[in-house]
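Values reported hereafter were calculated over all heavy atoms of this structure, with side chains retained and with hydrogens, waters and symmetry mates removed.
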Amino acid sequence: MSFIEEIKKRAKQEIKTIVLPEAEDIRILQATEIALKEKYANIVLIGNKEKILEKAKTNKVDIEGAKIIEPEKSQDYEKYVNLLYELRKAKGMTIEKAKELVLNPVYYGMLMVKDENSKVDGLVSGAIHSTADTLRPALQILKTAPNTKLVSAFFVMVVPNCEYGENGTFIFADSGLNPDPNAEELSEIAISSSKSFKELTGKEPKVAMLSYSTYGSAKSELTEKMIKATKILKALVEDWDIDN
């Protein structure tokens with residue numbers, strides 16, 4: 001079974017509720033139509049309801065079944081203002097600033113994920129927001145997993161008809177967040193990315209620590225850093241399949 005087929009199977013077994021805070025973008029509305037039609041997820045759209053419905057109608061996109069929330073009109077607005085204030089007051093957050101931030105769809109969506117009573121499972125952002133504008137509210141509101149030493153990013157690559165990876169599925173990390181990690185950070189990125197791979201595919205990871213040198217054909221500070229990172233990783237997780 002391919003990675004995409006596995007994801008579809010899991011999605012239909014237990015339908016999650018996902019927040020999409022960029023709901024005034026036509027691509028998000030088109031994705032909403034597909035998700036609802038295929039029953040991948042329940043969808044919550046955040047934005048101006050009139051604009052969302054008009055854009056969907058103009059582009060003949062069916063988003064019936066999606067819940068639309070306008071932060072400024074929401075019954076949870078004040079609750080989320082207070083929640084954000086309590087979470088960030090030690091960092092200088094004021095009620096006035098919280099009132100402003102909760103109007104931001106990404107912040108509002110993250111607060112929904114934080115709120116156990118909202119029954120929201122996750123949030124997808126990045127179509128029109130930068131990595132920083134998506135990651136900042138996540139770190140401020142949701143925080144990192146326990147014992148996490150470093151926040152990192154990865155891309156999932158799915159190659160059709162490929163004998164390598166897990167049915168052609170690979171994770172490449174860190175591809176967009178840490179520009180120049182040191183050896184210790186590289187080992188932490190490898191560990192967290194491998195855990196994510198196992199959660200996504202259900203399979204044991206095989207880790208390749210890559211640099212521009214092939215089998216020691218060149219030596220530099222960069223290649224030595226990767227060699228050191230590999231040694232650290234192997235010491236931390238002795239039973240993993242690791243190569244460099």
Side-chain angles (χ1 to χ4, degrees), residues 1-57 59-71 73-76 80 83 102 104-131 133-135 137-139 141-145 153-158 160 166-171 176 193 195-203:
M1 182 181 294
S2 71
F3 174 69
I4 298 299
E5 290 170 337
E6 178 64 25
I7 291 297
K8 288 181 179 180
K9 179 182 177 182
R10 292 186 192 180
K12 291 180 178 180
Q13 286 175 341
E14 186 179 356
I15 297 179
K16 303 292 186 179
T17 298
I18 303 298
V19 178
L20 301 179
E22 300 165 316
E24 294 175 27
D25 186 291
I26 185 58
R27 294 169 297 172
I28 300 303
L29 299 182
Q30 291 168 337
T32 297
E33 180 180 36
I34 294 170
L36 293 174
K37 181 179 179 181
E38 298 293 334
K39 294 182 172 56
Y40 294 154
N42 298 315
I43 301 296
V44 177
L45 300 172
I46 302 180
N48 183 286
K49 185 173 183 178
E50 183 178 347
K51 290 182 179 179
I52 292 170
L53 293 176
E54 180 60 30
K55 180 159 287 189
K57 181 179 179 181
N59 291 275
K60 298 180 180 179
V61 178
D62 182 8
I63 58 170
E64 184 177 356
K67 182 177 182 179
I68 302 175
I69 293 178
E70 297 177 288
K73 297 179 181 179
S74 169
Q75 63 181 8
D76 291 324
Y80 288 167
L83 175 58
V102 174
N104 180 307
V106 179
Y107 270 89
Y108 190 95
M110 293 293 180
L111 288 161
M112 287 189 73
V113 178
K114 182 72 172 180
D115 179 11
E116 293 180 357
N117 295 322
S118 72
K119 298 181 180 178
V120 164
D121 300 292
L123 178 147
V124 176
S125 179
I128 59 176
H129 287 87
S130 67
T131 299
D133 288 339
T134 297
L135 190 60
L139 293 175
I141 296 167
L142 302 179
K143 314 295 184 180
T144 57
F154 62 79
F155 294 140
V156 177
M157 301 292 188
V158 181
E166 178 54 39
N167 290 321
T169 301
F170 303 85
I171 277 182
S193 299
K195 289 179 179 177
S196 295
F197 179 87
K198 187 172 182 177
E199 288 178 3
L200 288 169
T201 66
K203 304 296 183 180

Atom pair [atom1] ([X]) and [atom2] ([Y]), whose distance is rounded to the nearest 0.5 Å:
X: Lys55; Y: Ile63; atom1: NZ; atom2: CD1; value: 11.5 Å
X: Asp76; Y: Leu111; atom1: CG; atom2: CG; value: 10.0 Å
X: Ile52; Y: Glu70; atom1: CD1; atom2: CD; value: 7.5 Å
X: Met112; Y: Asp121; atom1: CE; atom2: CG; value: 10.5 Å
X: Ile68; Y: Ile43; atom1: CD1; atom2: CD1; value: 12.0 Å
X: Leu123; Y: Met110; atom1: CG; atom2: CE; value: 4.5 Å

Do you know the tightest heavy-atom contact between [X] and [Y]?
X: Glu166; Y: Phe197; answer: CB-CZ, 3.7 Å
X: Thr32; Y: Ala66; answer: CG2-CB, 3.9 Å
X: Ser125; Y: Pro21; answer: CB-CG, 4.0 Å
X: Ile171; Y: Ser193; answer: CD1-O, 3.8 Å
X: Thr17; Y: Lys119; answer: CB-O, 3.6 Å
X: Ile46; Y: Ala23; answer: O-CB, 3.5 Å

When you look at NZ of Lys51, are more than 12 heavy atoms from neighbouring residues, nucleotides or ligands closer to it than 6.0 Å?
no
Decide yes or no for Val156 and Leu200: does some side-chain heavy atom of the first lie under 4.5 Å from some side-chain heavy atom of the second?
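Val156 reaches Leu200 side chain to side chain.
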For residues Ser74 and Tyr80, is any side-chain donor paired with an opposing acceptor at under 3.5 Å?
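No - no donor-acceptor pair under 3.5 Å links their side chains.
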Criterion side chain to side chain contact (heavy atoms under 4.5 Å, CB included) on Val113 and Leu142, from CA distance to verdict
CA-CA 8 Å; Val113 178; Leu142 302 179; 3.9 Å; yes
Applying the side chain to side chain contact (heavy atoms under 4.5 Å, CB included) test to Ile28, which of Val124, Leu45, Ile128 qualifies?
Leu45
Has the side chain of Glu33 got a donor or acceptor atom that lies under 3.5 Å from a matching backbone atom of Val61?
no
